[in-house]
Trainee: 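Just dropping this structure here.
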Amino acid sequence: MSALRAVSRSLPRASKLASSIQSPLQRRFAATATQDVKAQVQKEAALPNPDPTSDSVTASFIDERAPFMVPTYVRPAPMMMKGQGCYLWDMENRRYLDMTAGIAVTSLGHCDPEISQIIAEQAETLIHASNLYHNPWTGALSRLLINRTRDSGAMRDASQVFISNSGTEANEAAIKFARKVGRSIDPSGAKHEFVSFHKSFHGRTMGALSATPNPKYQTPFSPMLPGFKYGNFNDIEQLQTLVTDNTCGVIVEPIQGEGGINVATPEFLVALRKRCDEVGAVLIFDEIQSGLSRVGSLWAHAHPSLAPASGEAAHPDILTTAKALGNGIPIGATIVSGKTVAEHIKTGDHGTTFGGNPLACRVAYHIVERLNDPELQRAVQEKSTLFISGFQALKEKYPEVFTEVRGLGLILGLQLSPAFTAKISDVITAARERGMLIISAGDGCLRFVPALTITAEQIQTSLNILEQAVESVVAKS
């Protein structure tokens, strides 16, 4: 660990790092004369951020440590060491423009100074005392979430909050709460069925996984929990037979993140609300990725584009959030309706050891207040327009590569054509080796979920790098 600290300390502070840094790898290989190394030097000369090679300092660190880690992830070679704002730096001092924000987590950017100061202050005051006792911040955050949610025009019956540690835990609580409501309504247990939708993603624990109908995730751990049924996203006609008197809960993402940035239609959400009311089922909106101002409104379901042409927009009985809530500090929240859910949840029905700890809750309190800023939300819409215009221009330039631009605000997807779907990892690699981090979603969709604080200049840089990456992949096709 001392070696890792030494490398970390050797990096300049992120705010002082220059935009282009010659790597030690480049200097080391410049004096070597083998053909393989000459080819590598040529590659490095052409690419500002070539991935570390097998004999780099980064590779050495990874090789020493990776054998002790359960191999549940496939990671590229760079090892991220520092971050500030919309940038990350790796062990070799390469800088990356981060269009992932830790998968829609660091909405206020990496290492935000105000958040860092709060963490430091609270770490010296109280980090954890358990839920056996009150602390000042769990209740304060819960009250703030309820008040700001109501004030924003979202979830009109929001009443109480359960604080957990992650989005998966927030959804797990939502599933349990819906089951409890079903059992209260029908003590026989018949009202236990759950409905979710194809291309959704709700988490990796067994309950949340059972609501995520993707064979890649489910099959290795089957059988899933009993009682889960799956429908097609935005299909209204199916709801009469899909959601029945035995349904206790329906969970849906207003914008499917992992599934490919698919936006629900207002009519679909309204029909879901109506059908849940008819059968007494709890409607859950999973806004773990799309909520907290990522679309330009505090909650995605209250975005003007999700309002029907006539009548009221659909509001949930339970709303789940996480990701941006902690800006990197683990925290999740399950917001419940006072009319349909809260009365059914009793002492002992659920719990958590770390959830609601004062450090995470104090950080989240600060973050909610900042993300609720109307100026920030207006800026998200303006930045979204810049991205979408750039994506549309790329789509017109490369009609054989791109088929569709999807999303709202700063949760955006650029869909590759069937001919290029299999090359999505090539595009991601090409972008990374040119200094930008992007990720995929669904089947061949490039996902852009940058910090909400991204600048217009950084957006233009990202579009330029994306075009260069696409050009390189097309040239090799």
Side-chain angles (χ1 to χ4, degrees), residues 154-158 167-168 170-186 189-203 207-214 218 224-259 262-291 299-302 306 308 312-321 334-337 339-342 344-345:
M155 194 179 176
R156 62 182 67 89
D157 296 326
T168 295
N171 281 341
E172 199 75 18
I175 292 168
K176 285 184 66 177
F177 293 167
R179 281 266 172 102
K180 181 65 189 298
V181 172
R183 176 74 68 165
S184 297
I185 294 173
D186 183 355
K191 196 174 183 62
H192 71 278
E193 292 182 352
F194 226 93
V195 170
S196 62
F197 297 92
H198 292 292
K199 297 186 179 181
S200 66
F201 183 87
H202 300 292
L209 183 61
S210 297
T212 302
N214 186 327
Q218 288 188 342
M224 295 291 101
L225 298 186
F228 281 78
K229 299 166 63 178
Y230 310 122
N232 295 318
F233 193 64
N234 280 334
D235 182 344
I236 294 174
E237 293 183 3
Q238 70 185 331
L239 296 182
Q240 286 298 118
T241 55
L242 184 66
V243 181
T244 71
D245 289 332
N246 290 332
T247 304
C248 70
V250 176
I251 186 168
V252 65
E253 299 163 273
I255 303 175
Q256 290 184 328
E258 304 296 325
N262 305 305
V263 183
T265 65
E267 294 76 18
F268 178 64
L269 295 180
V270 168
L272 266 181
R273 176 72 276 172
K274 180 175 182 291
R275 185 57 182 159
C276 285
D277 289 341
E278 290 171 350
V279 302
V282 171
L283 179 59
I284 303 163
F285 283 176
D286 175 346
E287 295 207 20
I288 288 163
Q289 189 164 163
S290 62
W299 299 112
H301 71 270
L306 292 183
E312 292 185 332
H315 286 206
D317 300 297
I318 297 179
L319 177 64
T320 60
T321 182
T334 307
I335 304 172
V336 304
S337 164
K339 291 185 177 180
T340 55
V341 179
H344 299 281
I345 310 305

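Keep in mind it's a predicted model, so treat the numbers as computed, not measured. Note that these values count all heavy atoms, side chains included, but never hydrogens, waters or copies made by symmetry.
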Trainee: I'd like to know if the side chain of Q256 and the backbone of H198 have a donor-acceptor N/O pair within less than 3.5 Å.
Mentor: yes
Trainee: Using the side-chain contact (heavy atoms from CB on, under 4.5 Å) definition, which of the options V250, V282, I284 pairs with C276?
Mentor: V250
Trainee: Below 4.5 Å, heavy atoms only, C-beta onward: do I251 and F228 meet side chain to side chain?
Mentor: no
Trainee: Do T244 and K229 have side-chain heavy atoms sitting under 4.5 Å apart?
Mentor: yes
Trainee: Return the set of residues passing salt bridge (charged side-chain N to carboxylate O under 4.0 Å, His left out) with K180 (not counting sequence neighbours), or none when no residue passes.
Mentor: D349
Trainee: Check whether any side-chain N or O of E172 sits under 3.5 Å from a backbone N or O of A208 as a donor-acceptor pair, and report yes or no.
Mentor: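 Yes.
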Trainee: Check whether any side-chain N or O of Q218 sits under 3.5 Å from a backbone N or O of T212 as a donor-acceptor pair, and report yes or no.
Mentor: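 Answer holds: yes.
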Trainee: Test of understanding: with ring pair (Phe, Tyr, Trp, His ring centres under 6.0 Å), list the residues that count as partners of H315, not counting sequence neighbours.
Mentor: H301
Trainee: Would you confirm whether H344, through its side chain, and A342, through its main-chain N or O, come within 3.5 Å as a donor-acceptor pair?
Mentor: no
Trainee: Under the ring pair (Phe, Tyr, Trp, His ring centres under 6.0 Å) rule, collect the residues that match up with Y230, sequence neighbours excluded.
Mentor: none
Trainee: Can you tell me which residue among T334, N171, T168 is in a side-chain hydrogen bond (donor to acceptor under 3.5 Å, both in side chains) with T320?
Mentor: N171
Trainee: Between E312 and R273, does any side-chain N to carboxylate O distance fall below 4.0 Å?
Mentor: no
Trainee: Under 3.5 Å, is there a donor-acceptor pair between the side chain of D245 and the main chain of V279?
Mentor: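 Not confirmed, D245 side chain does not pair with V279 backbone.
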Trainee: Give me the one residue out of T247, V243, V270 that meets side-chain contact (heavy atoms from CB on, under 4.5 Å) with R275.
Mentor: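 With R275 as partner, side-chain contact (heavy atoms from CB on, under 4.5 Å) holds for just one option, V243.
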Trainee: Quick check on side-chain contact (heavy atoms from CB on, under 4.5 Å): which of D157, D317, I335 does V341 satisfy it with?
Mentor: D317
